[in-house]
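Notes to accompany the following structure.
Quick note: numbers below take in every heavy atom, side chains included, and nothing from hydrogens, waters or symmetry partners.
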Amino acid sequence: MSTSEGGGWQPRPVRRLGEGPRREQQRSGRASGSPDPAPFTPEPELPAPEFPPPSETGTVVRPASGQRSFGRQAPPPRGGAGVLVALIITALLVGVIIVLFFEPGLIDANFNTNAEGDFSASDGPGVQTSLFEARLTERPPAIPEILGAVSPVYEFRVPERRLGPFVFEAELTNPTQDPRNLGAYTWNGDEWTRLGDANLSSDGATARIDLAEAPANLVILRRLQFRDVIAGRVPRGEEPQSILAGSLTLVHPDGWHPGEDGSLLGGVELVNAQVPQNRWPTVYATDEQADLVNDILASDNLRRQHIANIQHAIKSGLHDGVDIHYLDVSPALQSQFTSFISELAGRLHREDRGVSVHIPITAAGGVGEGGYDLSQLGASADFIVIEPPLDPTLFEAAIAASLPTVLERIESSKVLLALPSHAVVRDASGFREITQRDALDIASLISIREPGPYRPGMRVTLQGNSILLDNLAGGLRWDSVNRIVTFTYPDQTGSAVTVWIHNRFSAAFQLQVVSDYELGGIYISNASADPGNANLWPAVAAFFESGLPDLRLPNAILFDPIFSVEAGQLSGASGGGWQFWDLPTEPGDYRAQLVVSDGDVRVGHVITVPVRAEGTE
């Protein structure tokens, strides 16, 4: 990362993804080392109601873990035999061990693939050995530049009578004592898929992986490239999400905003003030403060005062830099904003501190023609954070229209992608942000369609107010076009309200942009421990571990609403957002619950229904 003359920011070493102390990050290069992902801690689930729910709702279900795909790289390997290799399958009591080894030029036609009695007693009690033919791929598919081949690509076929689990041990092309970043991969005909970590043997000659099923081919690859930055904004008075705390490169405590006189209002406060990461507090201007910011920029005196106040606050607070979040700079004030950032960066760089600047991108493009001089800002700031539109349906269009222009003028390693962890609501008043939990809270609203009073044994209809399948609402679903979970429902006037929920699945598809354009990293819009936020860590960890995003989809079954009642009987399918409820035959107050999921977490609503005998209120 380049800096302006007169010095620049040099970050402290921080811990990344559970590894040991991270080497100092240099501006001109990318980090090396092995970022091992921290274990995923599930989000807190909805507390169970006091009454026992039906068995089908007793277990919180999350999508099953899947395999990571790594984008189409080359056509599948063409037919034709390569060099034959020996494949030893050792049937153990606990599974099957497959040892892959090769010798250039070896051809052995004496493998017995049919005889079940071809066993080796020398392997010890309970061990059965049989031989199968395997081969080295003659012309393997191209491997992504961020990965390097450590073994040949092995092709083989395990007979159907051999059942897993399997332990694959593949001989490496050259022995190594470097166990970092090794993974087993397979080519499915369209793309490389990461099967999991590969563990190096003690002599460094082979690498091993456990698999439930045998793939058609296998290769051991090493991750070669790493992004530098995982930045996260933390609202005032909160602390970073625990699972992110040790992996953030930059922590951006929120709390400052500009004053009319160029001052800084508010304050920066972290619950845990002893965070090991570099702290760059955010100076944030809301949409309502756009005129205030432009007034400061337009006045030479106010602009200089604002710079001096920011510098003083950073220095007196012993912070390592500042994060400028001004997204509504007037195009007429482009040169003034450029001067503001240039002078601020120059002052902070001389104190070995840094500056990051947020710029908005739009589906219309032309970002460099607005209030932001990309070339000058890229030369002055340490990082440029690109902020896509709030409307999720414009994300891909904004990237396509604006990002190439950004990268023509700013070094890609300086560019960070803002990653949202909230939900977005569009109604008659426009767009606004809410938390993931608030969005699911709306989706889980439950009521009884029929008006009371409710009598013992009466049949009523439980319904999800926001997820009924009708001509407007469509229930919770995965939007395959915009790659995000969404639902639509009518408001009290009958107008459509649409909610999009950012979570780890949508984040993975946005991380594809970081991979495709080789950006410097990401900026998590809210990395706090607030349980209302989406937990993006599974997607982020997979990406920084492998270098490419985990593009799995949420389990569609989890989008089905789950109704449960304290007593009485439910009937009918719940997929339409409703079910019949035959009320209990005894009077009393009874609870009913609706649980919904975005494929990541589940949230529910409980209502109490008074069931009264005839002649009573």
Going by salt bridge (charged side-chain N to carboxylate O under 4.0 Å, His left out), name the residues that satisfy it together with [X], two or more places apart in sequence or in a different chain.
{"X": "R483", "answer": "E396"}
{"X": "E288", "answer": "none"}
{"X": "R459", "answer": "D582"}
{"X": "D287", "answer": "none"}

Assess whether a salt bridge exists between D550 and R504, defined as any Lys/Arg side-chain N lying under 4.0 Å from an Asp/Glu carboxylate O.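 Salt bridge: no.
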
Answer whether the closest heavy-atom distance between the side chains of [X] and [Y] falls below 4.5 Å.
{"X": "Q510", "Y": "V513", "answer": "no"}
{"X": "L250", "Y": "F383", "answer": "yes"}
{"X": "V460", "Y": "R449", "answer": "no"}
{"X": "I467", "Y": "L594", "answer": "yes"}
{"X": "L394", "Y": "T362", "answer": "no"}
{"X": "L211", "Y": "E213", "answer": "no"}
{"X": "Y326", "Y": "V283", "answer": "yes"}

Could you note down all residue pairs passing ring pair (Phe, Tyr, Trp, His ring centres under 6.0 Å) where residues 419-449 supplies at least one of them, sequence neighbours left out?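 Non-adjacent pairs meeting ring pair (Phe, Tyr, Trp, His ring centres under 6.0 Å): H422-H502.
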
Could you name each residue pair satisfying ring pair (Phe, Tyr, Trp, His ring centres under 6.0 Å) that touches residues 576-602, not counting sequence neighbours?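 Sorted pair list: W578-F580.
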
Interatomic distance, E387 atom CD to L416 atom CG [nearest 0.5 angstrom]: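 Taking CD in E387 and CG in L416, the distance rounds to 10.5 Å.
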
Name every donor-acceptor pair, under 3.5 Å, that has one atom in a side chain of residues 252-260 and the other anywhere in the protein, sequence neighbours excluded.
| residue | atom | partner | partner atom | Å |
| --- | --- | --- | --- | --- |
| H252 | ND1 | W280 | O | 2.7 |
| D254 | OD2 | R233 | NE | 2.9 |
| D254 | OD2 | R233 | NH2 | 2.5 |

Using atom types as modelled and distance alone, determine if a side-chain donor or acceptor of E450 lies under 3.5 Å from a backbone N or O of T461.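 Such a contact is found between E450 side chain and T461 backbone.
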
Looking at G572, is its backbone amide N or carbonyl O close enough to the side chain of Q579 to form a donor-acceptor pair, meaning the two atoms are under 3.5 Å apart?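 Yes; judged by distance alone, with no hydrogens or angles, the pair exists.
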
A507: what forms a side chain to side chain contact (heavy atoms under 4.5 Å, CB included) with it, not counting sequence neighbours?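 Partners of A507 under the side chain to side chain contact (heavy atoms under 4.5 Å, CB included) test: L419, L536, A539.
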
Contacts of S330 that satisfy side chain to side chain contact (heavy atoms under 4.5 Å, CB included) - sequence neighbours left out: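 Per chain and number, S330 pairs via side chain to side chain contact (heavy atoms under 4.5 Å, CB included) with N294, A332, L333.
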
Set of residues satisfying ring pair (Phe, Tyr, Trp, His ring centres under 6.0 Å) with respect to Y284, sequence neighbours excluded: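 Per chain and number, Y284 pairs via ring pair (Phe, Tyr, Trp, His ring centres under 6.0 Å) with H325.
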
Just jot down the ring pair (Phe, Tyr, Trp, His ring centres under 6.0 Å) partners of Y454, sequence neighbours excluded, or say none.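 Here no residue qualifies.
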
Side chains of N533 and S421: do they bring a donor and an acceptor to under 3.5 Å?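 Distance-only check fails for N533 and S421.
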
In a check of side-chain contact (heavy atoms from CB on, under 4.5 Å) between Y517 and each of V406, V415, I399, which one passes?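 That would be I399.
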
Given D600, L440, D598, the one that forms side-chain contact (heavy atoms from CB on, under 4.5 Å) with V485: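 Between V485 and the candidates, side-chain contact (heavy atoms from CB on, under 4.5 Å) is satisfied uniquely by D598.
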
Contacts of type side-chain hydrogen bond (donor to acceptor under 3.5 Å, both in side chains), residue D438, not counting sequence neighbours: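 Listed in chain order: T435.
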
